[in-house]
Amino acid sequence: MTQPADSPRPSPASDPASAPDSTSAPDSSSPSLLDELRDGVTPRATLLVVGVLALQLLFIASYVGALHHPKLRDVPFGVVAPRAAAEQTVTRLERLPGQPLDPRTVADAAAAREQILDREIDGALLIDPARTTDTLLVASGGGRSLAGALAALVGTLEQSEGRTLRTVDVAPAGLGDANGLTSFYLVVGWCVGGYLCASALAMSAGARPTNLRRGVIRLAALAVFSVLGGLGGAVIAGPVLGALPGSVAALWGLGALIVFAVGAATLALQCAFGIAGIGIAVLLVVVAGNPSAGGALPPPLLPPFWAAIGPALPPGAGVWVARSIAYFEGNDITVPLLVLSAWATAGAAITLVMAALRRKPDRRPAEV
């Protein structure tokens with residue numbers, strides 16, 4: 001049957017068979033994988049992730065590098081003996097391979113004990129030529145690993161001479177401070193509180209205070225937090241757990257200073273570098289400061305680089321003062337307290353100056 005000549009023919013557009021398959025054609029409006037990647041991972045996020053990776057690798061390198069191979073180096077060490085025997089012993093100790101000791105003669109046993117408690121020396125050998133047994137004075141309150149290393153070294157030397165050794169601990173670590181690490185953990189807790197408080201202030205109201213008044217408010221909030229954190233740490237480590245002897249008031253003051261020093265330094269770094277300042281604070285306090293603080297290994301057992309930087313950083317200065325308060329009658333704390341005070345003062349000053357420089361301009365119309 002033929003179609004009439006005047007009947008209209010179906011157009012290709014109206015013919016379902018000839019219509020294009022919409023399911024097979026790609027949608028040019030949908031973003032590509034590269035576009036999704038660019039939107040999902042911004043340049044700022046990339047830089048932050050790279051920075052976190054760098055901190056992670058530096059953390060591993062710092063801790064493993066500082067703590068993997070403890071070795072005695074230039075330990076201040078006293079020798080008590082009759083003049084000729086003392087000079088001979090000092091010469092012998094000076095010639096030991098690797099220079100583990102820095103020996104010097106001491107007048108008598110009482111002077112040796114006093115110098116240990118004053119933290120001038122870390123141990124002393126009392127030689128009695130009339131007997132075959134000598135006495136080694138150590139102070140495990142300054143670090144059990146150091147006292148043990150001295151006992152092992154001097155014991156080997158005495159055995160090679162056919163003599164025996166008796167060890168006396170003149171400043172023993174407390175019963176609740178089994179490994180001599182309580183002071184280290186206490187100081188680490190105070191440091192963590194300092195930079196976390198500063199970080200929280202930044203996350204809640206911006207990394208940089210917008211004016212001087214805001215800077216003052218942040219430092220005042222940090223000061224209150226420091227007083228409470230210092231008191232809490234001192235009470236927990238002392239009366240509550242019995243882990244660290246010494247004056248609670250002195251530890252409280254130390255804790256408040258440490259928290260404020262680390263927090264103020266973190267605020268200053270945030271003012272200078274924005275949110276990246278938190279990472280720099282972690283680099284200084286955690287990555288560099290903790291392994292060099294003398295906690296697990298006192299300074300004479302650390303490699304030279306970590307032993308050199310430790311006293312200049314808040315964890316190292318804090319651990320030294322905490323141990324002095326607990327076991328050494330508060331002796332030899334002036335320099336580390338000045339170090340902590342310098343961090344606190346510099347951090348607060350930089351924070352205030354940067355806040356004042358960021359003061360918002362007056363946008364009121366100028367008077368004619």
Side-chain angles (χ1 to χ4, degrees), residues 183 186-202 205-234 249-290 292-294 308-325 330 332-359:
S183 56
L186 178 60
V187 170
V188 167
W190 281 328
C191 289
V192 169
Y195 68 73
L196 285 183
C197 178
S199 302
L201 292 172
R208 298 179 175 96
T210 55
N211 54 51
L212 180 58
R213 181 180 296 177
R214 296 284 181 88
V216 172
I217 290 173
R218 289 193 183 187
L219 288 171
L222 175 64
V224 174
F225 178 87
S226 301
V227 171
L228 296 176
L231 176 61
L251 289 174
W252 178 9
L254 172 64
L257 179 58
I258 292 173
V259 175
F260 188 83
V262 173
T266 305
L267 288 176
L269 290 168
Q270 290 171 176
C271 287
F273 301 101
I275 199 69
I278 298 175
I280 299 174
V282 172
L283 175 65
L284 290 173
V285 176
V286 179
V287 175
N290 285 355
S292 64
I309 68 172
L313 297 174
V319 169
W320 183 273
V321 176
R323 282 178 170 163
S324 290
I325 292 172
D332 196 23
I333 61 174
T334 301
V335 172
L337 285 179
L338 288 175
V339 169
L340 292 170
S341 299
W343 279 87
T345 303
I350 293 173
T351 299
L352 294 177
V353 169
M354 296 291 288
L357 293 176
R358 282 179 56 84
R359 183 175 56 187

CG (Leu212) and OG1 (Thr351) are apart, to the nearest 0.5 Å, by 11.0 Å
Check side chain to side chain contact (heavy atoms under 4.5 Å, CB included) between Val188 and all other residues, then give those that pass, not counting sequence neighbours.
Phe184, Val192, Asn290
Hey, which of Val321, Val319, Ile325 is the one that makes side-chain contact (heavy atoms from CB on, under 4.5 Å) with Arg323?
Val319
Shortest non-hydrogen contact from Val187 to Ala322?
CG2-CB, 4.3 Å
Nearest heavy-atom approach of Gly289 to Pro315 is O-CB, 3.6 Å
What distance do Ser199 atom OG and Ile278 atom CD1 have between them, rounded to the nearest 0.5 Å?
3.5 Å
I need the minimum non-hydrogen distance between Pro311 and Ala317, along with the two atoms involved.
O-CB, 4.0 Å
May I have the list of side-chain donor-acceptor pairs in residues 251-269 shorter than 3.5 Å, sequence neighbours left out?
residue, atom, partner, partner atom, Å
Trp252, NE1, Val227, O, 3.0
Thr266, OG1, Val262, O, 2.8

Correct closest heavy-atom pair for Cys191 and Val285 would be CB-CG1, 3.8 Å
Less than 3.5 Å apart, which donor and acceptor atoms pair up between the side chains of residues 332-348 and the rest of the protein, not counting sequence neighbours?
residue, atom, partner, partner atom, Å
Ser341, OG, Leu337, O, 2.8
Trp343, NE1, Ala312, O, 3.0
Thr345, OG1, Ser341, O, 2.8

Do you know which two heavy atoms are closest between Gln270 and Ala202, and how far apart they sit?
NE2-CB, 3.2 Å
